[in-house]
Number of protein chains: 2
Amino acid sequence: MTDNRKKLEEAALNSVQRNGFNALSFRTLADDVGIKSSSVHYHFPEKSDLARTLIERYSETFFQSLYAINERKWGLRRKVRAFIDIFENVAAAKKLCLCGMMASEVEQLDDVNRELLNSYFINTENWLIQLFNDNRDDLNTELNSRILAKSLFASLQGALLLDRVVQDGNRLKAQKELFMSFLK
Amino acid sequence: MTDNRKKLEEAALNSVQRNGFNALSFRTLADDVGIKSSSVHYHFPEKSDLARTLIERYSETFFQSLYAINERKWGLRRKVRAFIDIFENVAAAKKLCLCGMMASEVEQLDDVNRELLNSYFINTENWLIQLFNDNRDDLNTELNSRILAKSLFASLQGALLLDRVVQDGNRLKAQKELFMSFLK
DNA sequence: GTCTATATACAGATAGAC
DNA sequence: GTCTATCTGTATATAGAC
């Protein structure tokens with residue numbers, strides 16, 4: 001991967017997580033990196049190619065974080081906290097999850113990119129379901145792992161969304177407190 | 001309010017809840033209603049004027065629904081279900097909450113519209129806090145009303161967002177089941 | 001209130017030189 | 001890989017006739 005390609009991906013990731021994919025233009029992206037927009041087209045022929053790259057790259061990094069949590073000899077409580085920490089870091093950077101942001105723009109994406117978003121959400125939920133199933137003894141609730149997993153993940157996405165408008169961070173805190181109350 | 005103005009508001013509301021505010025153009029909006037884009041500018045001089053109208057109109061309708069719930073002699077369980085029903089109707093129309101959608105685009109809104117979004121979120125949370133406070137005896141949880149309110153509302157917004165990508169509706173169902181488990 | 005016509009800016013995308 | 005130059009389409013917005 002060339003240097004400028006890497007810079008483009010980073011600048012685009014940053015921009016989309018803040019302003020959305022629709023608001024991203026090849027011109028301003030090129031300006032950020034210090035090249036011309038036609039050179040951006042060399043790396044990403046169409047805008048949808050850039051979208052695909054961003055989703056794949058973001059997903060890869062994200063799931064690497066989850067695998068890293070798997071390898072720790074932590075209890076459920078600490079692992080869930082590590083999961084939530086990922087979203088707190090996104091919030092601290094005043095961003096949304098890339099896939100959460102692009103979910104709001106899903107109607108304008110092509111089928112390939114919709115499928116990539118779908119996989120990101122499903123795979124994340126499956127990771128959480130596995131985590132809860134592996135640690136049922138440490139749960140305070142009768143709610144099944146699927147409900148807990150889907151609820152937790154969607155809750156964090158919603159909290160990120162609302163906390164960028166109401167800037168007190170209280171929605172993320174609320175989700176954390178609520179879900180921690182389910183854990184021994 | 002003239003007939004075309006009303007049509008414009010409805011078409012715009014529909015479009016934004018599906019595709020976002022950024023993706024809305026005065027041209028296509030005009031086409032939807034059957035007039036020219038310059039005539040749209042007569043009703044809404046700048047795009048931000050349209051944004052303001054949409055947020056105000058959506059908020060007004062939404063809070064009327066909440067006041068209608070207040071006036072019912074229902075228990076907590078039924079009132080919360082009525083609240084969640086609002087979001088299920090939005091999901092059934094394959095839309096997002098207007099303010100949830102525009103929250104994803106908050107960086108591109110002017111101060112007035114950001115403040116209107118902020119009020120929508122805060123006022124909704126306050127309505128829920130009041131509801132939980134008025135019915136503490138019907139709650140199964142020690143979690144305070146503020147946490148429950150902020151968590152429930154953000155959770156539903158997140159569920160709407162993700163369920164448009166993964167089209168099984170399971171995230172909204174999960175939130176419903178989870179929060180209903182807190183109610184007697 | 002709506003129209004035609006237009007100004008100005010910017011979008012995504014391509015051709016071809018270097 | 002990056003550039004200049006350009007095509008084509010569309011965006012927001014305005015002026016002025018009807």
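An OP1 or OP2 oxygen of C:dG1 is reached within less than 4.0 angstrom by a side-chain nitrogen or oxygen of B:Tyr42. Contact between the side-chain N/O atoms of B:Asn4 and the OP1/OP2 oxygens of C:dG1 is not found at any separation under 4.0 Å. In terms of phosphate contacts, A:Ser25 brings no side-chain nitrogen or oxygen within less than 4.0 Å of OP1 or OP2 of C:dC10.
Protein atom CD1 of B:Ile35 is 12 Å distant from nucleotide atom P of C:dT4, rounded to whole Å. Regarding B:Asp31, its CG atom lies at a distance of 12 Å from the C1' atom of D:dT10, rounded to whole Å. If you measure from atom CG of B:Leu29 to atom P of D:dA11, you get 11 Å, rounded to the nearest angstrom. Distance, A:Gln108 CD to C:dG12 C1': 15 Å, rounded to whole Å. Regarding B:Lys36, its NZ atom lies at a distance of 10 Å from the P atom of C:dA5, rounded to whole Å. The nearest whole Å value for the distance from the CG atom in A:Asn22 to the C1' atom in D:dA11 is 12 Å.
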Inset, instruction - I would like to know whether A:Phe132 and A:Leu152 meet side-chain contact (heavy atoms from CB on, under 4.5 Å); could you show each step before the answer? - result: CA-CA 11 Å; A:Phe132 290 132; A:Leu152 172 57; 4.2 Å; yes
Inset, instruction - Show the numbers, then the answer: is there a side-chain contact (heavy atoms from CB on, under 4.5 Å) between B:Phe179 and A:Leu178? - result: CA-CA 11 Å; B:Phe179 282 93; A:Leu178 188 147; 3.9 Å; yes
Inset, instruction - Starting from the C-alpha separation in whole Å, work towards a yes-or-no answer on side-chain contact (heavy atoms from CB on, under 4.5 Å) for A:Asn133 and A:Arg136. - result: CA-CA 5 Å; A:Asn133 276 339; A:Arg136 285 300 316 179; 4.3 Å; yes
Legend entry - Chi angles and distances behind the salt bridge (Lys or Arg N to Asp or Glu O under 4.0 Å) call for A:Arg81, A:Asp85: CA-CA 6 Å; A:Arg81 223 187 307 134; A:Asp85 275 349; over 6 Å; no
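The residue B:Leu50 sits apart from the nucleic acid: no heavy atom pair falls under 4.0 Å.
A:Asn123 and A:Asn126 share no donor-acceptor pair across their side chains, judged by distance under 3.5 Å alone.
Of the residues A:Gln175, A:Arg171, A:Lys176, A:Lys173, the one that meets the side-chain hydrogen bond (donor to acceptor under 3.5 Å, both in side chains) test with B:Ser151 is A:Gln175.
Taking the six-membered ring where tryptophan is involved, the planes of A:Phe182 and B:Phe182 are essentially parallel, since the angle between them stays under 30° and well short of 60°.
Residue-to-nucleotide proximity on DNA chain D shows that, of B:Leu24 and A:Gly34, the 5′-proximal contact is made by A:Gly34.
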Inset, instruction - Sugar-phosphate means primed atoms, P, OP1 and OP2; the rest is base. With that split, encode nucleotides 13-18 of chain C 5' to 3' as B, S or - using protein heavy atoms under 4.0 Å. - result: BBB---
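With C:dT2, D:dC3, C:dT4 as the choices, the nucleotide that has an atom nearest any side-chain atom of B:Ser39 turns out to be C:dT2.
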